[in-house]
There are 2 protein chains.
Amino acid sequence: MIPDDVVSPLPSQRALGDLVTDVLREMITGGRFQPGQHLKETELADALKVSRGPIRQALARLEEEGHVELRRHRGAFVSTLTRTDVEEVHTLRGAIERLAAGRACTRMQDAGFAEMDAVLEQMKSVDTKIDPEDAVRLDLQFHDIIYAYCDHGRVQRVWESIRGQVTVFLRARNASFPDFLEVGYSEHKELRDALALGDPQAAQDGIDKHILGAYERLKRLNLPDR
Amino acid sequence: MIPDDVVSPLPSQRALGDLVTDVLREMITGGRFQPGQHLKETELADALKVSRGPIRQALARLEEEGHVELRRHRGAFVSTLTRTDVEEVHTLRGAIERLAAGRACTRMQDAGFAEMDAVLEQMKSVDTKIDPEDAVRLDLQFHDIIYAYCDHGRVQRVWESIRGQVTVFLRARNASFPDFLEVGYSEHKELRDALALGDPQAAQDGIDKHILGAYERLKRLNLPDR
DNA sequence: CAATGGGTAACTGTTTACAATCTACAGTGA
DNA sequence: TCACTGTAGATTGTAAACAGTTACCCATTG
């Protein structure tokens, strides 16, 4: 057996459509496209040097994730973020993360909590340095751990389907309320301690509280109603 | 303005891929394919008289719904139902239907409850006639109403993504436990009354109880572990 | 000036064909 | 028996072309 380090870092033959999906998702969540902008298949195909096939596959997936709106015979348009979207994403997230946490708290064991503590440790230092993008990354990483340990493929998929939009919200929040960076650590530490009890009910209550807090802050953002 | 009732019910130009998705989903849930069967794109394309494009779109969607497994460069295989699938589908369903019911109970109003009562009325008569397929249809119709009135596009989509598998489970249950047909009405009536209180907490508790009951029965089915 | 209607351009939806790539499986040799 | 190799079959990726729609412009009409 040849160790992984020696051979080529595996060409990672993912489907081209999946790569395109990631690239476009990053471009949209990163603000490289304007909300409402018309994304044309042929333009994207030319720009990314692929054919229309993988582009269509990517757009279909991004539509499911809520990043673009597909109008028949019109094409794909970058979604505009509304108050309704924030509400839907957060209530749905609350529902599935509640389930995920209830399961994860009895499955994480030492390894899971060690991962979590590593993230928390970094959050603590972010509190002093204050780099908004780091805060977003760590916030997501923390919750990714819960989903990873809940051992529930379907919940994981639903999370992945809204994760991109959660990212957008977190970025918007940090841009509007930079002071929030200071409470990131304590809120997640509290949630971690609730999970550590190993009691599904306590874990679910912890999530309810955590997500509700995040939602209350987001509601203060100035967004169009729909 | 011409009222909708007078004009043609619009030819509803759906995409071919969507039609193919529905056809294949029905064929899979209806048992026309064997679990594990290898579905080849070209075969399906020939059989349905469409090109590979819509077929691929359909298979990608059915994979997200859990009806087929897509293996890279191998193709699509009809999923085998396992105990794990039953557990995942029901816990996820419990989580989102809890949310949906909490919202729906304050939005259904008279019209919604009228729809529900119409379904309940049919359930009562099924109890005497006992046609398993009718029981499945009515069970789904009842819960569809909750999702329709919860006014939450994303929850609706998640429901649609597991609805097909729930259908499979219900059919399997009726095949194994025909006696269940007798309790269908009373259990749903109980849930309807919980919703009618208009209290989100009561509605959520009603769902917890209802889904848990359904799950307990399904667990008695004899299914492979994975 | 507003409403109507024709015409056009642009884009998506679909089909077809072909090249490239990968998997599984059988066969080969040690 | 085991590991390797080669090949056939199937899928994915790409490309090109056509059909169907949609939006938009603009002249016409009242």
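Side chains included, hydrogens not; waters and symmetry mates left out as well; all remaining heavy atoms used. The sequence lines fix the lettering, A, B, ..., with proteins before strands; numbering per chain opens at 1.
Side-chain contact of A:T82 with A:D85: a donor-acceptor pair under 3.5 Å is present, judged by distance alone.
Between D:dG9 and B:H73, no contact under 4.0 Å exists linking OP1 or OP2 to a side-chain N or O.
Interface remark: the A:R72 side chain does not form any donor-acceptor pair with the D:dG20 base, using a distance-only criterion of under 3.5 Å.
Atoms CG (A:L70) and P (D:dT22) sit 14 Å apart, rounded to a whole Å. B:R71 places its CZ atom 14 Å from the C1' atom of C:dC22, with the value rounded to the nearest Å. In this structure, B:L39 places its CG atom 20 Å from P of D:dG9, rounding to the nearest Å. To the nearest angstrom, P of D:dA10 lies 16 Å from CG of B:L59.
Rounding to the nearest 0.5 Å gives a distance of 8.5 Å between CD1 of A:I211 and CG of A:D208. Interatomic distance, B:E41 CD to B:S51 OG, rounded to the nearest 0.5 Å: 10.5 Å.
For the pair B:R103 and B:Y149, the cation-pi test (distance below 6.0 Å, angle within 45°) is failed.
Checking A:L16 against A:R74, the closest nucleotide of DNA chain D that is more toward the 5' end is the one next to A:L16.
When each of D:dT11, C:dT14, D:dT12 is scored by its nearest atom to the side-chain atoms of B:T42, the top-ranked nucleotide is D:dT11.
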